[in-house]
2 protein chains.
Amino acid sequence: MPAPRKFTREQLRTVALAMVDEEGLAALTMRSLASALGTGAMTIYNYVDGREGLEQLVTEAVMAEARWDDPAGDWTEAVAAVAVGMWRAVRAHPQAIPLILTRRSLDPATLLAAEALLDALARGGRSGADLLIAFRVVTGFVSGFSQSELASPLAPDHGDDSSTATDHIRSLPADRFPRLIAIAEAATGSDPETEFRAGLSIILTGLHSTPKVG
Amino acid sequence: MPAPRKFTREQLRTVALAMVDEEGLAALTMRSLASALGTGAMTIYNYVDGREGLEQLVTEAVMAEARWDDPAGDWTEAVAAVAVGMWRAVRAHPQAIPLILTRRSLDPATLLAAEALLDALARGGRSGADLLIAFRVVTGFVSGFSQSELASPLAPDHGDDSSTATDHIRSLPADRFPRLIAIAEAATGSDPETEFRAGLSIILTGLHSTPKVG
DNA sequence: AATCGTTCACATACAACGTACCTAATCGAG
DNA sequence: CTCGATTAGGTACGTTGTATGTGAACGATT
């Protein structure tokens, strides 16, 4: 039985991700990927399970870039390392975020990250249901934070986009949305990595001082 | 200048959301919504700005259902109330989650929730950059937790879906993914609301005991 | 009351998408 | 060298979002 010949899955991954990065999600179609590879559209189906599979491919490609230092000292540092690693990978490909948020990924890279995270949390003394909750809190924070920068009302206006959700917020009735209007200013000039680390340390503080029952 | 006559935006919202709930996201198309309303496809364009606008409509409809009790006692309780309120609304419409996670919503309901959350956090003594980070942590948690149940490796297998990501995890090499395999069991029988509240309390603990600088 | 500009409802039409189906080329095994 | 299996990729179809055009319905103006 001859294996796939003209390409490898990894080539597809790389090209697909590059296309998403450069031209956006909508630019990734069966035909466009095929012609970027210099082949026919139907060939893609030999490497990938339909459109759904194509999108998982992109998710894989992003997660495969995640890197983190090993479980050095404190368990909280290990958790932070993995979380930051995942977040950096995601953040490097903002156009792919909608995919990452909505596909269930069971590829090796994601599973490895999950295992590393679980291990770090377990070293903090958790197991069973407690461990599961802690895991969900941290991964939820990572993806939630990505989403928060992408699509929350206070998301930084990303370059090409229609100008300025911030402006829209500024123009709201000041008596009904005082906090929102005030904070919209602070949101414009903030540094994402600083914010992420600050948020993460809140989470870690919570984890550190929450009683474990499992 | 005659205003829209045959329908209201709210009618569209309701019908669109009902379609997504009952038949899934893919079932919502311009034509399907139109014929559910007994009209032609192009009519939709008089109420909504293209496909993108149609999807925002669904997001609006979900967020419009969010309810929470008022800022009763402790500020942490107020934060929890809003968070739970948002989460319940989202959770009531699992099929719409991918939309909610990926559209930036500036509709009144979302903004009101944001304001309420900001207000509760501000009552905890935060402002400026600190307030912004706390806001992102909580909203990130809410959406991250929703996504975690939808698409994380440990997401509960939702009914209709292909059977059992759990099975896939169970079949991994036990020497490389011990934690993951162990926890996959715990993930099958867990109650979402309990998990959410437990996770939220970790977040709140973290917020409570993190020094504020702003 | 007659007119006019504006807005809505909706049919038609089209490009682009995912993909079912089919054919020819290409490989390993015997 | 032949045979079975597998890949490459062309063709074609149904479906999607939507640009465009045409009538009808309305409020305001004369």
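Below, read A as the first sequence line, B as the second, and so on, with proteins coming before strands; counting in each chain starts at 1.
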Could you tell me whether the phosphate oxygens of D/dT7, OP1 or OP2, come under 4.0 Å of any side-chain nitrogen or oxygen in A/Tyr47?
no
For A/Ala134, what residues pass the side-chain contact (heavy atoms from CB on, under 4.5 Å) criterion, not counting sequence neighbours?
A/Leu121, A/Arg126, A/Leu207
Partner of B/Arg91 by salt bridge (Lys or Arg N to Asp or Glu O under 4.0 Å), out of B/Glu193, B/Glu149, B/Glu65:
B/Glu149
Starting at CG of B/Leu33 and ending at P of D/dG17, how long is that distance when rounded to a whole Å?
10 Å
Ring geometry between A/Trp87 and A/Phe196 (parallel below 30°, tilted from 30 to 60°, perpendicular above 60°)
parallel
Residues in salt bridge (Lys or Arg N to Asp or Glu O under 4.0 Å) contact with A/Arg51, at least two apart in sequence or another chain
A/Glu55
Taking atom CZ of B/Arg176 as the centre, report whether more than 12 heavy atoms of other residues, nucleotides or ligands fall under 6.0 Å from it.
no
How is A/Thr43 classified with respect to the nucleic acid when contacts are heavy atoms under 4.0 Å: base, sugar-phosphate, or nothing?
base
Separation of B/Leu37 atom CG from C/dA9 atom P, in whole Å?
11 Å
Grab the CG-P distance between A/Asn46 and D/dG10 for me, whole Å please.
13 Å
For B/Ser190 and B/Glu195 the tightest heavy-atom approach is OG-OE2, 2.6 Å
Polar-atom pairs under 3.5 Å, protein N or O versus N or O of nucleotides 18-21 of chain D: list them with distances, or write none.
from, atom 1, to, atom 2, distance (Å)
D/dT18, OP2, B/Tyr45, OH, 2.9
D/dT18, OP2, B/Arg51, N, 2.7
D/dT18, O5', B/Tyr45, OH, 3.2

When rounded to whole Å, the CZ to C1' distance for the pair B/Phe7 and C/dC8 reads 12 Å
Value in whole Å for how far the C1' atom of D/dA8 lies from CD1 of A/Ile44
11 Å
Does anything in residues 11-22 of chain B come within less than 4.0 Å of DNA chain C? Heavy atoms only, and list the residues if so.
none
Residue list, side-chain contact (heavy atoms from CB on, under 4.5 Å) with A/Arg67, at least two apart or on another chain
none
The salt bridge (Lys or Arg N to Asp or Glu O under 4.0 Å) partners of A/Glu10 (sequence neighbours excluded) come to none
In this structure, how many angstroms lie between the C1' atom of D/dT7 and the CZ atom of A/Arg9, rounded?
16 Å
How many Å lie between NZ on B/Lys6 and P on D/dC26, as a whole number?
13 Å
If you draw a 6.0 Å radius around CG in B/Asp191, do more than 12 non-hydrogen atoms from other residues or ligands fall strictly inside?
yes
